[in-house]
Q: 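Structure incoming, see below.
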Amino acid sequence: MKRSHQTAPRGRLRRLRRTELPVDTVELARYLIGQVVVHDVAEGRLVGRIVETEAYPIGDPAGHAFRGKTPRNGSLFLGRGHAYVYFVYGSSFMLNVTSEVRGVGGGVLLRALEPLEGIDLMQRSRAATRLTDLARGPGRLAEAMQIDLTQDGLDLRAAGLLWLAATAQNPGAIGNSVRIGLTRNVDRRWRFYERGNPYVSGPKRLRE
DNA sequence: TATGCGATATTCT
DNA sequence: GAATATCGCATAG
């Protein structure tokens, strides 16, 4: 039997304070499931509920911070609650939430969102793909939310245009699995997702 | 549904 | 040169 899926209510959005974010990277990855990302752009407000994340903690060879600070990954070291955005594969931006204390590199990759508001704007950015494919996958997520290097290093807690918010509704059951698209440290189960949610990326066995 | 492949640009060896 | 925290399209079952 397929698990039924509930859409989060459109209540008032409450900005998350930095002190609400767990300090540990893996804990933060789990915590962010069910929370909301908001990007206020000129045309309106883009809102998506986080349904899939991956942790890249301290000492992880697959993490960008593993080899130390470089011009590219500098934002990872800003302390928890900042945006780290980078460009890969010649085509995709990736949005991460930094997760450790200032000076230490660590982050959580946001892999998929359930679109809640500004869906028409997202469809314009993504050339009108199906609703379930709008922000399913990290590259699609960034495109739908209009994320690029402009947002790299932003403080997601400050009164800015890109921010994290709490939802009134608790998330459903949270599953975990190995991370997607890696070649190093592949065995760690540091991917988290809301089980059965149709907006989660990956093959079927990684969504159940 | 799942698998496979090419495209693409930046970073690092 | 090689690798890359991917996507979209094609094809097969």
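Since the structure is predicted, the reported quantities are computational estimates derived from the model, not experimental observations. Here is how names work: the chains are called A, B, and so on, in the same order as the sequence lines, proteins then strands, and each is numbered from 1.
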Q: Is a donor from one side chain sitting under 3.5 angstrom from an acceptor on the other, for A:T129 and A:Q123?
A: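 Short answer, no.
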
Q: Would you call A:R140 and A:E143 a salt bridge, taking side-chain N to carboxylate O under 4.0 Å as the test?
A: no

Q: Would you please confirm or rule out a distance under 4.0 Å between OP1 or OP2 of C:dA5 and any side-chain N or O of A:R184?
A: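 It does not, given that no N or O in the side chain of A:R184 lies less than 4.0 Å from OP1 or OP2 of C:dA5.
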
Q: Report the distance from atom CZ of A:R126 to atom P of C:dT6, rounded to the nearest whole Å.
A: 15 Å

Q: Which nucleotide, in any strand shown, forms a Watson-Crick or G-U wobble pair with B:dT8, with both distances under 3.5 Å?
A: none

Q: Check this one for me: any side-chain N or O of A:T70 less than 4.0 Å away from OP1 or OP2 of B:dC12?
A: yes

Q: If you find the nucleotide of DNA chain C closest to A:T183 and the one closest to A:D133, which residue's nucleotide is nearer the 5' end?
A: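 First, find each residue's nearest nucleotide; the 5'-ward one identifies A:T183.
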
Q: Separation of A:R205 atom CZ from B:dT3 atom P, in whole Å?
A: 6 Å

Q: Please determine if a side-chain N or O atom of A:R111 lies less than 4.0 Å away from the OP1 or OP2 oxygen of C:dT6.
A: yes

Q: Which whole-number value in Å describes the distance from A:L110 CG to C:dT6 C1'?
A: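 The answer, rounded to whole Å, is 16 Å.
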
Q: Does the plane of the ring in A:F87 sit parallel, tilted or perpendicular to the ring in A:F93? Use 30° and 60° as the thresholds.
A: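 It falls in the tilted class, 30° to 60°.
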
Q: Does C:dA5 have a Watson-Crick or wobble partner in any strand here, with both distances under 3.5 angstrom, and which is it?
A: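 Answer to the pairing question: none, since C:dA5 forms no Watson-Crick or G-U pair.
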
Q: Kindly say whether, by distance alone, the side chain of A:Y89 makes a donor-acceptor pair under 3.5 Å with the base of B:dA9?
A: no

Q: At under 4.0 Å, does any side-chain N or O of A:S92 touch on OP1 or OP2 of B:dT8?
A: no

Q: Quick check against the 3.5 Å criterion: does A:T98 have a side-chain atom that pairs as donor or acceptor with the backbone of A:G79?
A: yes

